[in-house]
Amino acid sequence: MYKLSACSSMPCGISLPPKIVLGSLRVHKQGNGRCTNVPRNVNLEKLQNNYLFPEISKRELQHMEKYPNAKVISLGIGDTTEPIPEQISLSMANYAHALSTAEGYRGYGAEQGNQALRKAIAETFYKGVAIKDTEVFVSDGSQCDISRLQLLLGSKVTIAVQDPSFPAYIDSSVIIGQAGDFQDKTGRYQNIEYMQLGPQNNFFPDLTITPRTDIIFFCSPNNPTGHAATRKQLQQLVEFARDNGSIIIFDSAYATYISDDSPKSIFEIPGAKEVAIEISSFSKFAGFTGVRLGWTVVPEELLFSGGFPVIHDFNRIVCTCFNGASNIAQAGGLACLSPEGFQAIRAVIDYYKENARILVDTFASLGLEVYGGVNAPYVWVHFPGSKSWNVFAEILEKTHIITVPGSGFGPGGAEYIRISAFGRREHIIEASWRLEKLFSKGKSPLLTV
Amino acid sequence: MSLMNNLSTSMISSSSSAFLAPVSFNSSRTQSVTVSLKSINIVKCVATPQEQQTAAYKTNVSRNANIAKLQAGYLFPEVARRRVAHLVKYPNAQVISLGIGDTTEPIPDVITSAMAKRSHGLSTLEGYSGYGAEQGEKALRAALASTFYGNLGIEEDDIFVSDGAKCDISRLQVVFGSNVTMAVQDPSYPAYVDSSVIMGQTGQFQKDVEKYANIEYMRCTPENGFFPDLSTVARTDIIFFCSPNNPTGAAATRDQLTRLVQFAKDNGSIIVYDSAYALYISDDKPRSIFEIPGAKEVAIETASFSKYAGFTGVRLGWTVVPKQLLFSDGFPVAKDFNRIVCTCFNGASNISQAGGLACLSPEGLEAMQEVIGFYKENTKIIVETFNSLGFKVYGGQNAPYVWVHFPGRSSWDVFSEILEKTHIVTTPGSGFGPGGEGFIRVSAFGHRENVLEACRRFKQLYN
């Protein structure tokens with residue numbers, strides 16, 4: 001487990017050896033007037049490291065300092081690289097200009113989002129599954145929505161996550177106080193149910209051995225494994241949730257990358273409206289990673305145990321802890337969902353999917369176990385018997401390519417590396433070439449065969 | 001379908017925001033407003049929805065007890081609801097909104113051009129940017145530091161850019177957690193109290209005193225110059241302090257803030273200082289808590305572009321967490337705030353940030369001051385009106401809010417009377433806390449002609 005070196009300044013009169021994890025330190029204020037008397041949030045103390053992706057960034061920077069002339073290729077953080085289609089950025093530019101006019105100026109918007117956009121989202125993504133615009137809440141992105149959902153649910157619920165999974169589910173759970181302590185031995189936080197995913201179970205958890213939790217986070221297509229759950233699997237999941245009275249939080253951020261007929265929304269499954277919330281995002285769909293736009297669907301049918309509608313409380317959170325997504329971003333979102341806009345975006349998605357295909361081919365041709373890359377812009381490569389941070393470091397050192405070590409997504413990712421397919425085509429091709437050099441003919445000690 | 005038309009009709013939300021404006025109409029032109037009755041349905045925040053006793057499937061997940069503590073009859077949904085009901089009753093009324101503090105004047109060109117430019121840039125290879133730093137773009141952080149904290153020793157990396165103060169308040173609550181106590185001014189902006197309840201820091205609402213248990217309410221009245229008597233205030237971990245104040249408009253003096261900082265120091269407390277209206281100050285009152293020596297060790301400051309640049313819809317703000325601010329175990333608060341920002345947030349919109357940077361250029365600053373000046377002139381007109389009518393009027397000097405006293409009267413009754421008789425929406429003071437009872441808040445955001453017309457109507461009503 002990678003440990004973050006402690007911040008080196010401890011002005012309360014204590015000096016630390018640099019490698020101590022601050023979370024384990026208890027400093028007693030000995031009348032030194034420079035500390036407040038406000039206790040640190042114990043939940044934040046439980047967090048083991050930095051959030052995963054800033055840590056990857058940090059390693060990238062360190063590497064660039066070490067090799068200032070290296071052409072580093074970032075296939076780590078899933079950051080989109082291709083320009084946004086013109087008609088979409090034009091609509092945002094026009095909206096911005098209009099804010100300088102009396103007719104076009106807008107102040108506060110509804111916290112739930114612009115009505116036309118809510119409608120467009122309902123009609124575009126939930127056609128045929130009867131989700132209403134009033135059940136759609138526009139946001140500034142899934143990472144924020146996940147935390148708002150945690151605020152909604154509070155500290156007394158239990159959660160299950162896929163293992164491996166997007167780290168924000170676990171981290172936000174720890175922060176809000178749902179989790180117990182981290183156990184070094186297992187690499188897991190107590191009180192969180194980790195549903196193992198692997199080739200052995202087709203990347204779908206064995207629900208017959210999964211204990212009940214209040215909440216089940218489920219991302220499909222999955223980050224990081226790339227697996228899209230089948231209709232049958234999702235039916236099982238919905239049934240499992242129904243039997244247990246649980247709520248599924250379904251993350252469909254990568255739905256538009258699906259190549260086959262895997263469901264794009266949990267609401268394609270009958271009965272899901274009574275057991276599920278769905279979150280999604282314009283980030284990977286439209287290159288809006290910096291523009292910031294997403295949405296959450298809370299069906300009216302979803303009720304707490306006493307019969308209270310979840311949507312009512314979520315609305316309260318949205319109104320109290322948020323103030324709406326940027327109106328300019330929302331204007332862009334609306335343009336994305338026009339027929340022309342959607343078509344232009346499809347072309348960009350296809351570009352990334354072609355990247356993914358190239359990467360999958362590369363690893364497959366090297367005889368490595370490769371997963372994902374078909375229904376998601378992530379390729380999940382297995383290095384049996386290895387430690388993912390070591391593989392990460394080796395790849396970085398020898399090929400100047402940033403990836404993400406699988407254990408950053410949970411102990412289930414321990415022997416895997418995630419490679420993101422977001423990048424300029426020439427970089428993807430260059431990266432493939434470098435990886436071929438590294439792994440071919442068994443040159444790398446990482447290959448155990 | 002016209003983008004602008006669509007964006008002009010929005011659902012009336014059950015907001016607890018101090019600033020929500022139902023955007024059904026936002027100009028001085030009278031429009032017959034089509035209020036979708038369907039959109040009213042979702043606004044059920046007032047009455048707690050009946051728990052469904054039917055055969056409807058229920059999950060086995062308990063409702064968050066903290067959210068259950070929140071009072072259904074919250075201020076802004078109720079204001080919005082009454083406004084809607086009024087419009088239904090008088091469909092041809094020319095309603096003037098001086099309730100929710102929503103900006104109305106267009107954003108200066110220099111700022112929107114920068115945002116348009118950034119948008120266009122996103123369609124080019126050189127100009128495209130994906131994820132930005134969660135803490136904000138470097139240039140903007142640097143500009144904020146030099147513009148607002150130039151000689152106060154606050155550095156670029158002490159500043160965290162956000163999508164607004166309201167969101168920052170909740171993120172700060174997430175940092176602090178449920179095991180801290182807090183104090184608020186009474187009256188004050190409702191998000192401090194509500195976010196505290198949601199976080200689990202409070203007890204139940206006590207109807208007889210209209211306060212949540214476990215929150216320290218620091219009464220601010222004309223008698224104490226709208227600054228709490230700190231000698232009667234119990235120690236809490238966190239002290240929310242807004243100056244210039246929403247809703248009273250009072251700006252604390254240097255001396256008062258010095259006492260506040262000393263109070264925090266003595267008690268080992270952390271001040272969360274809301275400076276969203278600082279640029280409305282007309283005299284020499286401090287604009288930042290960090291003007292007070294020692295504040296860096298006891299205070300966080302939150303601020304916003306909303307009321308400076310009309311960015312209420314664009315969404316941009318910032319929070320300053322000095323490196324010197326430490327928890328009781330010596331751990332820097334900024335590190336935990338950074339962790340929250342990285343995990344629970346993903347940065348303010350890059351386009352909004354481009355706008356923010358333009359706001360802080362010399363031309364942008366000048367343009368912002370003009371718009372602020374416009375609203376300040378509105379405020380002056382409103383103050384003069386109520387003064388001339390013989391009311392006791394507070395605020396309006398250093399903030400875009402006028403706090404009018406109606407002694408012995410229920411603020412909701414006054415609100416209703418004004419709405420009924422003049423078709424003007426205001427905000428009843430009791431919505432900001434029990435200390436607001438007997439007061440009405442009149443916001444100065446509006447087109448000049450609306451403000452003038454409103455004042456004419458006030459004069460008619462109260463003469």
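So that the names make sense, note that chain A is the first sequence line, chain B the second, and so on, each numbered from 1.
- Looking only at heavy-atom pairs under 4.5 Å with chain B, the residue among Asp214(A), Asp313(A), Ile176(A) that has the most is Asp313(A).
- Residue Ser246(A) touches chain B through its backbone alone, counting heavy-atom pairs closer than 4.5 Å.
- Most heavy-atom pairs under 4.5 Å with chain B, from the set Ser326(A), Ser147(A), Gly332(A), Ser57(A): that is Ser326(A).
- Listed options Lys119(A), Glu82(A), Arg148(A), Gln150(A) were ranked by heavy-atom pairs under 4.5 angstrom with chain B; first place goes to Glu82(A).
- Heavy-atom distances place the backbone of Asn244(A), and not its side chain, under 4.5 Å from chain B.
- Between Leu152(A) and Ile67(B), some side-chain heavy-atom pair lies under the 4.5 Å cut-off.
- Looking at Leu99(A) and Ile111(B), their side chains never come closer than 4.5 Å, going by heavy atoms from C-beta outward.
- There is no contact between Leu293(A) and chain B, counting heavy-atom distances below 4.5 Å.
- Residue contact with chain B, scored on non-hydrogen atoms closer than 4.5 Å, involves the backbone and the side chain of Ser89(A) alike.
- Shown here are the ring pair (Phe, Tyr, Trp, His ring centres under 6.0 Å) partners of Phe288(A), two or more places apart in sequence or in another chain: Phe282(A).
- With a 4.5 angstrom heavy-atom cutoff, Ile215(A) touches chain B only via side-chain atoms.
- Taking 4.5 Å as the limit, some side-chain heavy atom of Asp237(B) sits within range of a side-chain heavy atom of Pro39(A).
- Residues Pro106(B) and Tyr105(A) approach most closely at CA-CD1, 3.7 Å, considering heavy atoms.
- Of the atoms belonging to Thr81(A), it is backbone heavy atoms, and not side-chain ones, that fall under 4.5 Å from chain B.
- For a residue to count as touching a neighbouring chain, one of its non-hydrogen atoms must lie under 4.5 Å from one of that chain's; by this rule Ala165(B) does not touch chain A.
- For chain A, the option among Ser349(B), Gly177(B), Pro108(B), Gly294(B) with the highest count of heavy-atom pairs below 4.5 Å is Ser349(B).
- Contact annotation for Leu302(A): only side-chain heavy atoms (C-beta onward) come within less than 4.5 Å of a heavy atom of chain B.
- A 4.5 Å side-chain heavy-atom check between Thr59(B) and Leu303(A) finds every atom pair outside the cut-off.
- With Gln143(A) contributing its side chain and Cys344(B) its backbone, the two residues share no donor-acceptor pair below 3.5 Å.
- For the options Gly177(A), Ala241(A), Gly287(A), heavy-atom pairs under 4.5 Å to chain B are most numerous at Gly287(A).
- Lys284(A) touches chain B through its side chain: at least one heavy atom from C-beta onward sits under 4.5 Å away, while N, CA, C and O do not.
- Proximity to chain B is limited to the side chain of Val157(A), based on heavy atoms less than 4.5 angstrom apart.
- Only the side chain of Asp140(A) comes within less than 4.5 Å of a heavy atom of chain B; its backbone N, CA, C and O stay farther away.
- Here the side chains of Thr124(B) and Pro83(A) are not in contact, with every heavy-atom distance at 4.5 Å or above.
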